[in-house]
Amino acid sequence: MFEGVLPAIITPFKRNSATDLDVQGLERNILYLLSCGIHGIVPCGSTGESATLSFKEHEKVVSVTIDTVNGKVPVLAGTGSNNTAEAVILTKAAKDTGADGVLVISPYYNKPNRAGLVKHYTKLADLDIPVVIYNVPGRTGQNLEPDLIAELAKHPNIVGIKEASGNVGQISRIIELTQDEDFAVISGDDSLTLPIMALGGTGVISVAANVDPARMVAMCEAADKGDWKKALALHYALSPLFRSMFIDTNPIPVKKAVELMGMAGGPVRLPLDNLDENKTAALKKILATIPAAKKTAGAGSAGKKKKLPVKKTRR
């Protein structure tokens, strides 16, 4: 279900004292991404500033995303928390709203033991919605080891992992250990998408796809077809953009980038702050290299549901 390019979308805010949600801007951004052929979409992840959204705002962003997508691609809603009870509330809300699955970050700050992690993810998976685990040690302070992932993958509703450890050896081991499960290993790092797909990964939950979705789609579809020469050329063409997305804390650079391109962005919420002048100038140079046709955020109707040209054989 979750393969190809799934942008982890930003949450646009208005430039007012309350930094209110920009719902119309969110709808326009989603329509643009759909028009570029994305294979899925992820609202309310780290890139969507989920940590600063109220429960009401969180549910609104997920609801608007589902309504705007209108079944064209799967919606994987971020519903993680370091409080299992809160994660249950968010996951139930996403399920009731019609999300196709949920992306659940491993609990941050608490540093739960193995038994706690298993119970946390099992409790959410038992809500009867597909769950994708999110391993990002740089934000959580704790790595999810391959043997733990292999154990969790045996649950029928735990269907994949977004792997952002940056450890290709670990990612390879996860794929190796889950070969007999219906389990997707998805890159959580744009720059590692190609090597992870070469190992058997199914795609990427992408920051860069907010900015250049068409070339991200072209790269993943080329890799899926085994056209590694084309995929590699696109990887290197996109690499400056990948690096630029992390010249400051995510999502500070990507929000500035989409706004510079004429899409809805707005400010980041405190405790994050806006991109400084020097970094903004550097970002503008990178954006100038993106093909002009990809830089216009049209708000027209999106086409039919986009599929990868070759369906992966599940392991």
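Every heavy atom of this structure was used, including side-chain atoms; hydrogens, water molecules and symmetry mates were not. Predicted model only: the values in this text are computed from it and were never measured.
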OH of Y134 to CG of L103: how many Å apart, nearest 0.5 Å?
7.0 Å
Heavy-atom closest pair, residues Q142 and P107:
OE1-O, 4.4 Å
So does A125 get a backbone contact from the side chain of N157, meaning a donor-acceptor N/O pair under 3.5 Å?
yes
Which is it for R114 and E145 under the salt bridge (Lys or Arg N to Asp or Glu O under 4.0 Å) test, yes or no, and what are the steps along the way?
CA-CA 10 Å; R114 184 187 180 103; E145 298 293 337; over 6 Å; no
Working note: R173 + E176, criterion salt bridge (Lys or Arg N to Asp or Glu O under 4.0 Å); need CA distance, chi angles, decisive distance, verdict.
CA-CA 5 Å; R173 181 64 173 154; E176 178 186 350; 3.0 Å; yes
Are I41 and L90 linked, directly or through other ILVMFWY residues, by side chains that come within less than 4.5 angstrom of each other?
no
Check I171 against I196 and note the closest heavy-atom contact, atom names and distance.
CD1-CD1, 3.6 Å
Side chain to side chain donor-acceptor pair (under 3.5 Å) test vs H120 passes for just one of N82, N83, T84, namely T84
Return the CE to OH distance between M263 and Y32, rounded to the nearest 0.5 Å.
6.0 Å
Atom NZ of K92: over 12 foreign heavy atoms under 6.0 Å
no
Is T178 reaching over with its side chain to a backbone N or O of I174, donor-acceptor style, under 3.5 angstrom?
yes
Keeping Y109 on the side-chain end and G141 on the backbone end, is there a donor-acceptor pair under 3.5 Å?
no
In this structure, would V64 and V75 fall into the same cluster of hydrophobic residues linked by side-chain contacts under 4.5 Å?
yes
Looking at every non-hydrogen atom in both residues, tell me the closest pair between A8 and I205 and how far apart they are.
CB-CG2, 3.9 Å
Exam field: side chain T68 to backbone T65, donor-acceptor pair closer than 3.5 Å:
no
Nearest 0.5 Å, what's the CG-CG distance between L287 and L241?
7.5 Å
Smallest separation among heavy atoms of A223 and L194, with atom names
CB-CD1, 3.9 Å
Within one Ile-Leu-Val-Met-Phe-Trp-Tyr cluster: L199 and L177, side-chain cutoff 4.5 Å
no
Has the side chain of T97 got a donor or acceptor atom that lies under 3.5 Å from a matching backbone atom of A93?
yes
Check whether any side-chain N or O of K255 sits under 3.5 Å from a backbone N or O of P267 as a donor-acceptor pair, and report yes or no.
yes
Could you report the tightest heavy-atom contact between L148 and L117, atom names first, then the distance?
CD2-CD1, 3.7 Å
Near E86 CD, under 6.0 Å, is it more than 12 heavy atoms from other residues, nucleotides or ligands?
yes
Walk me through it: do E259 and R15 pass the test salt bridge (Lys or Arg N to Asp or Glu O under 4.0 Å)?
CA-CA 12 Å; E259 194 167 56; R15 291 193 177 277; 2.7 Å; yes
To the nearest 0.5 Å, how far apart are CG in L21 and NZ in K56?
10.0 Å
Taking L260 as the starting point, is it possible to reach L275 by hopping between hydrophobic residues whose side chains are less than 4.5 Å apart?
yes
Backbone of L53 reached by a side-chain donor or acceptor of H58 within 3.5 Å:
no
Do side-chain atoms of S54 reach the backbone of E57 as a donor and acceptor pair under 3.5 angstrom?
yes
Please report the closest heavy-atom contact between S187 and K162, naming both atoms and the distance.
O-CG, 4.3 Å
Cluster link I38 to V61, ILVMFWY, side chain under 4.5 Å
yes
Distance-only polar pair, side chains of D189 and S191, donor-acceptor under 3.5 Å
yes
Report the distance from atom CG of N29 to atom CD of E27, rounding to the nearest 0.5 Å.
10.0 Å
What distance do L76 atom CG and D100 atom CG have between them, rounded to the nearest 0.5 Å?
8.5 Å
Just do the salt bridge (Lys or Arg N to Asp or Glu O under 4.0 Å) check on R215 and D212 with the steps written out, would you?
CA-CA 6 Å; R215 286 197 296 177; D212 196 349; 2.6 Å; yes
Once side-chain hydrogen bond (donor to acceptor under 3.5 Å, both in side chains) is applied, do any residues pair with N135, and if so which ones, sequence neighbours excluded?
N143, E163
Given H155, which of L152, V159, I158 fulfils the side-chain contact (heavy atoms from CB on, under 4.5 Å) condition?
I158
Can you check side-chain hydrogen bond (donor to acceptor under 3.5 Å, both in side chains) on E3 and T202, steps first, answer last?
CA-CA 5 Å; E3 58 185 9; T202 62; 5.9 Å; no
With R269 as the cation and F13 as the aromatic partner, state whether NZ or CZ is under 6.0 Å from the six-membered ring centre and within 45° of the axis.
yes
Side-chain donor/acceptor of K279 to backbone N/O of I247, under 3.5 Å
yes
Side-chain donor or acceptor of K95 paired with backbone N/O of L127 under 3.5 Å
yes
